[in-house]
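The sequence lines fix the lettering, A, B, ..., with proteins before strands; numbering per chain opens at 1.
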Amino acid sequence: MPVIEYIDAIRLAMKEEMERDSDVFVMGEDVGLKGGVFTTTKGLQLQFGEQRVLDAPLAESAIAGVAIGAAMAGMKPIAEMQYSDFMFPATNQIISEAAKIRYRSNNDWDCPIVIRAPIGGGVFGGLYHSQCPESVFFGTPGLKIVAPSTAYDAKGLLKAAIRDPDPVIFFENKKCYRLITDEVPDEDYIVPIGKANVMREGSDLTVIGYSMPLHFAMQAAEELSQEHGIEAHILDLRTIQPLDREGILEAVAKTGKVLIIHEDNKTGGIGAEVAAIIAEELLYDLDAPIRRLCGPDVPAMPINPPGEKHFLLNKEKLKTAMLELARY
Amino acid sequence: MPVIEYIDAIRLAMKEEMERDSDVFVMGEDVGLKGGVFTTTKGLQLQFGEQRVLDAPLAESAIAGVAIGAAMAGMKPIAEMQYSDFMFPATNQIISEAAKIRYRSNNDWDCPIVIRAPIGGGVFGGLYHSQCPESVFFGTPGLKIVAPSTAYDAKGLLKAAIRDPDPVIFFENKKCYRLITDEVPDEDYIVPIGKANVMREGSDLTVIGYSMPLHFAMQAAEELSQEHGIEAHILDLRTIQPLDREGILEAVAKTGKVLIIHEDNKTGGIGAEVAAIIAEELLYDLDAPIRRLCGPDVPAMPINPPGEKHFLLNKEKLKTAMLELARY
Amino acid sequence: MKQAGSVQQTHRHTALGLSDERAVEMYKTMMLARRFDERGQLLQRAGKVNFHISGITQEPSQVAMGFAMDLKNDWFLPYYRDYGFVLSLGMTVKELMLSVYAKGEDPNSAGRQMPGHFGSKRLRIVTGSSPVTTQVPHATGFALAAKMRGEPSVAIVTFGDGSSNQGDFHEGCNFAGVHQLPVIFVCENNQYAISMPLEKQTRGRICDRALGYGFPGIRVDGNDPLEVYRVVSEARERAASGQGPTLIEIMTYRVTAHSTSDNDLAYRTKEEVDLHKGKDSLPVYKQYLVDAGLWSEEQEAKLQTEIRAIIDEGNEYAEKAAFQPVEDAFRYVYAEQSGEGQ
Amino acid sequence: MKQAGSVQQTHRHTALGLSDERAVEMYKTMMLARRFDERGQLLQRAGKVNFHISGITQEPSQVAMGFAMDLKNDWFLPYYRDYGFVLSLGMTVKELMLSVYAKGEDPNSAGRQMPGHFGSKRLRIVTGSSPVTTQVPHATGFALAAKMRGEPSVAIVTFGDGSSNQGDFHEGCNFAGVHQLPVIFVCENNQYAISMPLEKQTRGRICDRALGYGFPGIRVDGNDPLEVYRVVSEARERAASGQGPTLIEIMTYRVTAHSTSDNDLAYRTKEEVDLHKGKDSLPVYKQYLVDAGLWSEEQEAKLQTEIRAIIDEGNEYAEKAAFQPVEDAFRYVYAEQSGEGQ
Ligand SMILES: Cc1ncc(C[n+]2csc(CCOP(=O)(O)OP(=O)(O)O)c2C)c(N)n1
Ligand SMILES: Cc1ncc(C[n+]2csc(CCOP(=O)(O)OP(=O)(O)O)c2C)c(N)n1
Ligand SMILES: [Mg+2]
Ligand SMILES: [Mg+2]
């Protein structure tokens, strides 16, 4: 199987879905000739033309709102937010509209859009090019939210999102774009929305997370295995709304110790819900308090290198926390 | 001490703070002659004039954004969102701006605004006049969020919010406006932001929540006491950002059983964070799994009476859940 | 047809391409909207329903809009006062009544949403919400879809004067301007946004904003339904022939309180309201039809009887109809048939 | 002063009320901005810093803006290309360099934010963020505060052509129009928003949008700094005397790529760029001063030496300066001195 970059997996998913279904189109700032500021849409306009790879005026509420209108009319828009930091102007369209169209019309109308938005730091982007806005949208029923950590999942989840009859926010991690490469089959496949994935089997502690930080956990797990014989069980949520309750409970039950990780700040993050689910369902199976290792509760990461490093999770921070929990 | 309505407490807090500090002003849709759609600002324009009780064009992002500018210039704006359901157009101004001004400028600038927004249902307002949007703003460091359940707290917290040097979202409950009355002293006082309040002492189970549903818990607690001799300990968070960790842990430690309640939907709500804090810190003191009783995970409540009732918490639902937990 | 001939040539409606039948049909629809609206107010006052929001005196222009559109192909994004508009698009009084009573059979939302929140895929009426102006970019999106698919559809969206100050107005209009999309933006300027008179909402003319987006902006007197018909027809024509959007500002006045929850005399005088009530174009349009030999008092009496029957029947049906069962109250958060992607 | 006399009366700058010294000072500031900007590009190419964003050829009009304002009383809300603007307001090259290197002493953000995110309470430069156009309602808010307090301050805010299509532009302008606030909205129309040429951003003229808000909108040639000075001065005058806002559209062109992360030849031709480079008004303005007898090649040589020294010094200082200690990296989420309300 070919090994490709995470960003190529995203581009390929769009390309293949656009070939498969003429209702699929991409819209966003600079997605056309430039191919997006990260080159995610590179070449697509050449292949599909200006209409299906549409440069939109610099106005995120319109990008979301126009996509929602087109989706209600039967199209399958992929709306790109240049950075997830810049999707907040579209909040009203996403939360008041996309999320509620099916429910408010008692199933008469639907809104099959995908909103792609790059999350995460570590690219010297500073406060407004590094954020993880998951918590803002997480508490809104009617939305689905996915956040892949591998190229394989990125492709399969994006295809699933495009084919999904409901609005899906696709949080792609910009640090993963070129750093993460893995095997991606040439054949068409989807990764089902709502299903977590065991990235690593282990029996000593469970790590649950999504997106980039899982790679630090995987690295830490290898070292802990080699250096201490500690085997971590690692679960990639992949979909954060709706959460895979069974997948979570199964993974926790395996070890009785759980560390939840994400780059989004701790308070009010996805990890809180994961912890709450466990505390609700599996309290008596726990051999240690539920730990969370997340971004600090500050507005966003600084751009200066020591500040950014101080903010971000990394292998060392993961290893320390995992070791401590294993030894609890 | 005079017994007054929750809505009057809010109005009085604004009036007194405006008398006390000429930099305080109110801005929003219909706040002037009409006195707000709920009469929250009734009479204020007459007393303070058109400039300090300012009717703003129908544009929430501007209401927030202009208030933020004025706050940076040294004023103390109270920006009213007519319904919390309509504050989403202002999300970008609140999350990208208000929350980050002090941090991004390394303390050079600050943003002492208050954003008032009525939350909650039970008023036949349907999908878009009943929502609880707490979860959207909860995960954003840099904001403070308060949500009083009594007239006393409403007045004291609003005064604290107005005097606070940082942005505070004040979620007032529209069902409480006229339903909730309690003793409010004539003298100036504040209720400190960040401190929870024990509403009722008990030893059998702990209920933690905020805003309107606490009153159902109080009613249920009385009946449980009389009918079953079960004594509930009830904690009103009052401030939901930053949460009063010590207050929460103390309240849970008292009984070892905890039920967390709110009207906002369960997944991703404040209750998840409260549960996560407890699971992190007090796991071994728990005698039962951590329960949450919250709004269902649907976009919002229907307007038709059976649907609305089905959605909302009430005394009966609380009583059942509390009894079950007490007997666990 | 009928007693046509040379005289008819002089009639305004004929010159606009409206047949006599359609001109009369317009009147009937206006009157139906008026009577329905009045009934809604009564029902609220009688305590039968919690809430009513009125479009009284805005109906003539609303109906004219509807009649200027192509019901088979176009897309409709009305706002909450648009009873006249949606009735002209085929929604029935019974359906509106079901919505007023929030009953399960209400096609708009099965009684989930407030009245005035229209939506019917069958009638190409797009589901709407309460936060104002979100529908403006949606209309642009419908127009974009039509252009992409080569469909002959035009999207038409309405909103209030206050609502035109939301960012979504600006963004939705500008997007449509850039891509020259087949969409008509209609501001029903009734000179109030709840308690706030127009001068507290904006110092500009709303129609002038079109200039900044590079398409025509036209102000039209809402008390002249035939002129509204003309302006909307021409805008539709431009849209359908690839010449892009039009912004239309219909000048009207809100003669009722904002809704049954509002007391408008707290912020305006009865004199001001009465002045505008006097400009009601419904009797004027009736007189026009009478003068044109298309309408008579006998026909009027018959119409009133028919309308009363329709409204009574709708009311009775809706009042008795069932609420959506609570077992269904939480359905349709997501699609129930799992698609391939789920 | 100097060799003043009757000849000087004919000079444009004199007619505008600009003294010879200020006219020369403007030039020096423009050149300082240019050289700083060029150095920023070099530093990025040399791998010394990660990122630079350029305002080259936009500086003459930026400086003219700054010179038209009252530094003691006014409020300044610049956007990321405004090196010329902030230098004219008193920010130093050393401070800008500290920001480029993201060092702790950077007064804008202590090296937390990207370069180009200006802010200094001392200089009345309001802290800015990356999401575009949020500063427009802020400017309206500063103007509102000035009006409420009876202070003689005018707020001036800049933003790009692309950014003028955000809802916040519309809402911020309209609010200021209704309340006739002392604020100047300046669009630096450099005809691109990253890769998107103006015609993909809007079909209207941005200045024309003012009409819809009921205040003047003026388009001005950015390559004519004296004309920019005049237009901004007049707008300031209007604002200060209670006549409300003005929208100014400065026509310019972005001659560099969007930023050092962008390759502009993917979406435009070198010929197009070169054409506009040829219109650079910096040498033109210099020639104007020379012709007016206010500037000479000797002075130019000296200026270049001075500027090089300033930039070298700033660069050296900033390169060596410390980053904000990580212990402080998370401070100031909230006020540290608990107020009474905490
Ligand atoms: C975003 C948003 N903010 C506030 C409201 C509350 N609200 C409902 S109608 C209305 C006034 C609308 O005025 P206008 O647009 O002129 O329409 P009209 O009611 O006059 O027809 C307001 C403020 C809302 N529905 N949505
Ligand atoms: C809300 C938002 N969306 C997207 C971006 C990413 N972005 C940064 S600059 C820019 C283009 C701005 O163009 P313009 O306003 O014309 O200013 P210019 O850069 O040309 O001076 C974009 C899209 C952003 N910063 N903020
Ligand atoms: Mg109106
Ligand atoms: Mg530009």
Novice: Against chain A, label C/His170 side chain, backbone, both or neither, depending on which of its atoms sit under 4.5 Å from a heavy atom there.
Specialist: neither
Novice: What residue, out of C/Ser153, C/Ser129, C/Pro131, has the most heavy-atom pairs lying under 4.5 Å from chain A?
Specialist: C/Ser129
Novice: Is C/Glu237 atom CD crowded by more than 12 heavy atoms from other residues, nucleotides or ligands, each under 6.0 Å away?
Specialist: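 No, the 6.0 Å shell around CD holds no more than 12 heavy atoms from other groups.
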Novice: Let's test your reading of the structure: which of C/Val333, C/Thr140, C/Thr134 forms the most heavy-atom pairs below 4.5 Å with chain A?
Specialist: C/Thr134
Novice: What is the distance from atom CD1 of A/Ile63 to atom CD of C/Glu171, rounded to the nearest 0.5 Å?
Specialist: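 Going from CD1 on A/Ile63 over to CD on C/Glu171, the span is 8.5 Å.
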Novice: Side chains of A/Met72 and C/Thr127: does their closest heavy-atom pair fall under 4.5 Å?
Specialist: yes
Novice: Kindly compute the distance separating CD (C/Gln135) from CD1 (A/Ile68), expressed to the nearest 0.5 Å.
Specialist: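 The CD atom of C/Gln135 sits 12.5 Å away from the CD1 atom of A/Ile68.
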Novice: Heavy-atom count around C/Glu319 CD within 6.0 Å, excluding the residue itself: above 12?
Specialist: yes
Novice: Rounded to the nearest 0.5 Å, how far apart are NZ of A/Lys100 and CZ of C/Arg112?
Specialist: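 Result: 13.0 Å between the selected atoms.
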Novice: Would you mind checking which part of C/Val178 comes under 4.5 Å of any heavy atom in chain A, side chain (CB onward), backbone (N, CA, C, O), both or neither?
Specialist: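 Just the side chain, heavy atoms under 4.5 Å.
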Novice: For the NZ atom on C/Lys121, are there more than 12 heavy atoms of other groups (residues, nucleotides or ligands in this structure) within a distance under 6.0 Å?
Specialist: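 Yes, because the 6.0 Å sphere around NZ of C/Lys121 holds more than 12 heavy atoms from other groups.
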Novice: Side-chain donor-acceptor pair under 3.5 Å between C/Glu336 and A/Asn107, yes or no?
Specialist: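 No.
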Novice: If we only count heavy atoms from C-beta on, is the C/His117 to A/Arg104 side-chain gap below 4.5 Å?
Specialist: no
Novice: Within a strict 4.5 Å, meaning less than it, do heavy atoms of the C/Leu144 and A/Phe25 side chains meet?
Specialist: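 Side-chain contact under 4.5 Å: yes.
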Novice: Output the option from A/Gly74, A/Gly194, A/Gly156, A/Ala67 having the highest count of non-hydrogen pairs under 4.5 Å with chain C.
Specialist: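 Most pairs with chain C among the choices: A/Gly74.
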Novice: Once rounded to the nearest 0.5 Å, what's the spacing between atom CG of A/Leu54 and atom NE2 of C/His179?
Specialist: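 Spacing of CG (A/Leu54) from NE2 (C/His179) equals 4.0 Å.
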Novice: Which atoms of C/Gln324 are under 4.5 Å from chain A, going by heavy atoms: the side chain, the backbone, both sets, or neither?
Specialist: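 For C/Gln324, the contact with chain A is made by the side chain alone.
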Novice: Return the CD to CG distance between C/Glu105 and A/Asn106, rounded to the nearest 0.5 Å.
Specialist: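 Output value for this atom pair is 11.5 Å.
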Novice: Give the member of A/Ala73, A/Pro141, A/Ala56 that has the highest number of heavy-atom pairs under 4.5 Å with chain C.
Specialist: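 Answer, by heavy-atom pair count under 4.5 Å with chain C: A/Ala73.
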Novice: Using side-chain heavy atoms (C-beta onward) and a distance below 4.5 Å, is C/Pro137 in contact with A/Val66?
Specialist: yes
Novice: Quick check: are there more than 12 heavy atoms from other residues, nucleotides or ligands sitting under 6.0 Å from NZ of C/Lys147?
Specialist: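 Atom NZ in C/Lys147 is crowded, with more than 12 foreign heavy atoms closer than 6.0 Å.
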Novice: Sort C/Arg149 into side chain, backbone, both or neither according to what part of it lies under 4.5 angstrom from a heavy atom of chain A.
Specialist: side chain
Novice: Quick one: does C/Arg122's side chain get under 4.5 Å of A/Asp108's, heavy atoms only?
Specialist: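 Sidechains of A/Asp108 and C/Arg122: no contact.
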Novice: Please indicate whether A/Leu46 has more than 12 foreign heavy atoms, meaning atoms of other residues, nucleotides or ligands, lying under 6.0 Å from its CG.
Specialist: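 Incorrect, the count does not exceed 12.
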Novice: Between A/Tyr103 and C/Tyr334, is there a donor-acceptor pair closer than 3.5 Å when you use the side chain of the first and the backbone of the second?
Specialist: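 Not confirmed, A/Tyr103 side chain does not pair with C/Tyr334 backbone.
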Novice: Answer yes if the side chains of C/His138 and A/Gln93 hold a donor-acceptor pair under 3.5 Å, and no otherwise.
Specialist: yes
Novice: Closest approach of C/Phe175 and A/Ala62, non-hydrogen atoms and distance?
Specialist: CD1-CB, 4.4 Å
